[in-house]
2 protein chains.
Amino acid sequence: MSADTLWAALADPHRRAMVGLLLTRPMPVGEIVDACGLSQPSTSKHLKVLREAGLVRVRQDAQRRVYALDPAPIAELDAWLAPYRRLWNRGLDTLGRRLDETADDPRDPSPKD
Amino acid sequence: MSADTLWAALADPHRRAMVGLLLTRPMPVGEIVDACGLSQPSTSKHLKVLREAGLVRVRQDAQRRVYALDPAPIAELDAWLAPYRRLWNRGLDTLGRRLDETADDPRDPSPKD
DNA sequence: CCTTTATATTCCTGTCAAGGAATACACCCA
DNA sequence: TGGGTGTATTCCTTGACAGGAATATAAAGG
């Protein structure tokens, strides 16, 4: 599963919501539909994306499909974060100094139009 | 800065590459163009997205714009990750059991067509 | 078998983001 | 002030994705 697939899957707020929902417990599609307020087809499509990113697994229970979170891929994100975490842990002041020298501009100089 | 903006900014692989590049040191646009192999306009547009997500800052040096990483927003991701990290740290076996009960299906049952 | 229930898939449409080319803008220097 | 350099912006086209409606599929139960 490419990193891109993972990032793309989580880039969508509805999908993050679903993942967050499944954090509490596994859940059949119907409940996810109710919780997210999306249509059933749309929900199923999002779940498919999550499946393909390896973020969820399905168990079949009669006609129902119960989705459960698989947090393993998220470890990949964690690994990606590591170098940055090092930055903001190891001295926000060091970084701050670097940024102070560096920013004689406000955060975003683009004309807000 | 909404979480969506941040995720969207990082969802693009070129932008992640730029962020990773700026992890080593601040850098003017020209160098980023060379390193990423994108056109200069495209690069500028990506940098704008990163700016608007608060991930980079600009310092003006004569005609050059030197971009520097601001890892602060990434802390937001780290916070988002926390609950999941708890899952995979605190007993992959517990989770594993949950998934085993749960998965009598291969990872993704969708017809690979 | 036929119906009901639960979910997946297809079709269609509108929106949005990405990329290149051309152009505008800002700054330095002579 | 004019030219050169470095960067941003605009315009346009194209491709990807989201969402709804309708439909297909799968399983359970009578």
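Just so it is clear: chains get the letters A, B, ... in the order the sequence lines come, proteins before strands, and each one is counted from 1. Only heavy atoms go into these numbers, but all of them, side chains included; no hydrogens, no water, no symmetry mates.
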Could you give the [atom1]-to-[atom2] distance, from [X] to [N], as a whole number of Å?
X: A/Arg59; N: D/dA27; atom1: CZ; atom2: P; answer: 16 Å
X: A/Gln40; N: D/dA21; atom1: CD; atom2: C1'; answer: 12 Å
X: B/His14; N: D/dA16; atom1: NE2; atom2: P; answer: 15 Å
X: B/Leu50; N: C/dA18; atom1: CG; atom2: C1'; answer: 14 Å
X: A/Asp12; N: D/dG19; atom1: CG; atom2: P; answer: 6 Å
X: A/Glu52; N: C/dA8; atom1: CD; atom2: C1'; answer: 12 Å
X: B/Lys48; N: D/dT7; atom1: NZ; atom2: C1'; answer: 13 Å
X: B/Met27; N: D/dG6; atom1: CE; atom2: C1'; answer: 16 Å

So what does [X] touch, heavy atoms closer than 4.0 Å: a base, only the sugar-phosphate, or nothing?
X: A/Pro41; value: base
X: A/Ser39; value: sugar-phosphate
X: B/Ser42; value: sugar-phosphate

In terms of side-chain heavy atoms of [X], which of [options] is nearest?
X: B/Leu38; options: C/dG19, C/dT7, D/dA27; answer: C/dG19
X: A/Lys45; options: C/dT10, D/dA28, D/dA8; answer: C/dT10
X: B/Pro28; options: D/dA18, D/dT7, D/dA26; answer: D/dT7
X: A/Arg64; options: D/dA8, C/dA18, C/dA6; answer: C/dA6
X: B/Gln63; options: C/dA8, C/dC27, C/dG20; answer: C/dC27

query: Going by atom types only, do B/Tyr67 and B/Arg51 share a side-chain donor-acceptor pair under 3.5 Å?
result: yes
- line: Of A/His46 and B/Gly30, the one whose nearest nucleotide on DNA chain D sits closer to the 5' end is B/Gly30
Report yes if the side chains of [X] and [Y] come closer than 4.5 Å at any heavy-atom pair, otherwise no.
X: B/Leu87; Y: A/Leu23; answer: yes
X: B/Val56; Y: B/Asp70; answer: no
X: A/Tyr84; Y: B/Leu69; answer: yes

message: Let's test your reading of the model: under 3.5 Å, does the base of C/dA26 pair with the side chain of B/Gln60 as donor and acceptor?
response: no
task: Using only side-chain N and O atoms of B/Tyr67, determine if any of them is under 4.0 Å from OP1 or OP2 of D/dA8.
output: yes
B/Glu31/B/Arg25 salt bridge by N-O under 4.0 Å criterion: yes
